[in-house]
Amino acid sequence: MMKGRFKLFECFSMFILAVVAIFISICLGAVIIGGFSSLRESLFSDEIQFAIKLSLTTATISTLICLFLAIPCAYTLSRKDFPAKRWVTAVLTVPLSLPYLVLGLCLLIVFSSQMGQMLRDAGFRVVFDTTGIVIAHILVNLPFVIKLITEAFSEVDPRLEFIAGTLGADEWKRFLTITLGMTKRAILSAGILAWSRALGEFGATLMLVGVTRMVTETLPAAIYLNISTGDNDMAMAAATILIVISLLTLIITESMDKKRSRTVRS
C-alpha cells in the first residue's frame, strides 16, 4: 500500500515538473522565436550596439569591484568572530530580499543628498549618469557575491591553514595558497553569475539613472524603451540577446561546479 502511494506521489511530482518545464520553455521560446527574426537587423542598429557595449562595460566593471570587495568581507565573515558579526551579516542579507526598485530608491536618496551634491561638484556624477549604473549593480550584486564566497570559504577546513602556519606560512600566504587556492573556481563562478545578473538588472538602475536612449540605455532599458514605443521586434531581439547570454553563463557555471565537485571528492 505504501509503495503504491509512493509511486502515485512520484508520478504526481514528475507531472508537476513537466508542467513547470513546459511553461518556462513556452515563455522563453515565444521571445526567442519572435526575436530571432529581427536579431540580425537589431545587431546592426546603433541603438542595440550602444546598449550591448554599455551593458558589457558596466557589468564587467561592477563585477570586478564586487569581487574585490567581497573576498576580504567573505574571509572575515567565515574566519573571524567579532561583536557585531550578527548585525553585519543581517545588514548584508537584507538587500537580497528587497525589490531592486527599493535599492535604487536608497541610492537615489543618498546621492541626491548634500553628500551626493558634493561628490557631483567634485566630478563624481552618479544620478542620471552611466557611473550610477555601476553603483546600482554593485549594491544589487555585492551581498549576493559575499554570500557565495563566504559559503565557499566556510567549506575550506581551517586546519589546513593551521598546518600551513606551523610550517612557517604567514596569514597572507595561507590565505593565498590555501583559502583562495581551493576556492578559485567558486569565486570565478560567483563572478560569472554576478556579471550575468548585472547584465539583466533594471529596477535599481531605473530609479537611479533613469532610461535615456543612447545615454543610459542598457539591454534591459532597450527592452523597456522599445516596448514603450511599440517596437516589439527590437525589444524581443534585445531580450533574445540577454537570454542567450544567460544560457551560456549557466552552462559555464554548471561546468565549473561539476569540476569543483570532482576536485572536492578526489
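Computed from a predicted structure; not experimentally measured.
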Checklist entry - Quick one: are I48 and I241 in side-chain contact, heavy atoms under 4.5 Å? => result yes
Residues pairing under salt bridge (charged side-chain N to carboxylate O under 4.0 Å, His left out) where one sits in residues 45-62, two or more places apart or in two chains, turn out to be E47-R213
Margin query: For residues V126 and I61: do they belong to one hydrophobic cluster (side chain heavy atoms under 4.5 Å, members Ile, Leu, Val, Met, Phe, Trp, Tyr)?
Written below: no
So CZ of F50 and OG1 of T218: to nearest 0.5 Å the spacing works out to 9.5 Å
Worksheet item: Do L56 and L199 touch side chain to side chain, with heavy atoms closer than 4.5 Å?
Response: yes
List the steps and the verdict of side-chain contact (heavy atoms from CB on, under 4.5 Å) for F153 and I187.
CA-CA 10 Å; F153 285 169; I187 293 172; 4.1 Å; yes
Margin query: Counting only heavy atoms from other residues, nucleotides and ligands, does the tally under 6.0 Å from CE of M14 exceed 12?
Written below: no
Closest non-hydrogen atoms of V145 and A194, given as atom of the first, atom of the second and distance, are CG2-CB, 3.5 Å
Is a side-chain N or O of S62 found less than 3.5 angstrom from the main chain of A59, in a donor-acceptor match?
yes
* To do: Tell me, with the steps shown, if T60 and W195 meet side chain to side chain donor-acceptor pair (under 3.5 Å).
  => CA-CA 6 Å; T60 302; W195 182 79; 3.2 Å; yes
Check your understanding: Can you check whether I16 reaches F12 side chain to side chain, under 4.5 Å on heavy atoms?
Key -> yes
Taken in chain and number order and not counting sequence neighbours, the residues that satisfy ring-ring contact (aromatic ring centres under 6.0 Å, His included) with F202 are Y224
message: Do T212 and F128 have side chains that approach each other closer than 4.5 Å (heavy atoms only, starting at C-beta)?
response: no
Just checking F15: does its CZ atom have more than 12 heavy atoms from other residues, nucleotides or ligands closer to it than 6.0 angstrom? no
Interatomic distance, CD1@I65 vs CG@N141, rounded to 0.5 Å, equals 11.5 Å
* **Check: I24 and C27 side chains under 4.5 Å, non-hydrogen atoms** => no
For the hydrophobic clusters of this structure (ILVMFWY residues joined by side-chain heavy atoms under 4.5 Å, transitively), does one cluster hold both F23 and I243? yes
Between T240 and V31 the two heavy atoms that sit nearest each other are OG1-O, 3.5 Å
Got a donor-acceptor contact below 3.5 angstrom from the E201 side chain to the G203 backbone? yes
#### Entry: Lys/Arg N to Asp/Glu carboxylate O, E151 vs K147, below 4.0 Å
yes
L193 side chain near F144 side chain, heavy-atom distance below 4.5 Å:
yes
Legend entry - Within-4.5 Å side-chain heavy-atom neighbours: E217 and V211: no
dist L103:CG -> L139:CG (nearest 0.5 Å) comes out at 4.5 Å
- Report whether V19 and I26 are members of the same hydrophobic cluster (ILVMFWY, side-chain heavy atoms less than 4.5 Å apart, transitive linking). no
Quiz prompt | Check: T58 side chain, S55 main-chain N or O, donor-acceptor pair, under 3.5 Å | solution = yes
Across all chains, not counting sequence neighbours, the salt bridge (Lys or Arg N to Asp or Glu O under 4.0 Å) partners of R79 are E161
Heavy-atom nearest pair, T130 first then T216, reads N-CG2, 4.4 Å
Margin query: Given 3.5 Å as the limit, does a donor-acceptor pair link the side chain of S189 with the main chain of R185, or not?
Written below: no
Nearest heavy-atom approach of L92 to L96 is O-CG, 4.3 Å
Only residue of P95, C66, C73 satisfying side chain to side chain contact (heavy atoms under 4.5 Å, CB included) with L142 is C66
- Task: Check step by step if side-chain contact (heavy atoms from CB on, under 4.5 Å) holds for L77 and F82.
- Result: CA-CA 9 Å; L77 290 172; F82 50 92; 4.2 Å; yes
Heavy-atom side-chain proximity of I149 to L67 below 4.5 angstrom:
yes
One should read off an interatomic distance between I146 CD1 and I71 CD1, to the nearest 0.5 angstrom, of 11.0 Å
From the list I133, V134, I135, side chain to side chain contact (heavy atoms under 4.5 Å, CB included) with H137 holds only for I133
For V127 and S112, the nearest pair of non-hydrogen atoms, with its separation, is CG2-OG, 4.1 Å
### Query
Where the side chain of K80 meets the backbone of K85, is there a donor-acceptor pair that is under 3.5 Å apart?
no
Closest non-hydrogen atoms of R125 and T131, given as atom of the first, atom of the second and distance, are O-CB, 3.2 Å
- Query: Transitively linked via ILVMFWY side-chain contacts under 4.5 Å: V209 with M214?
  - Reply: yes
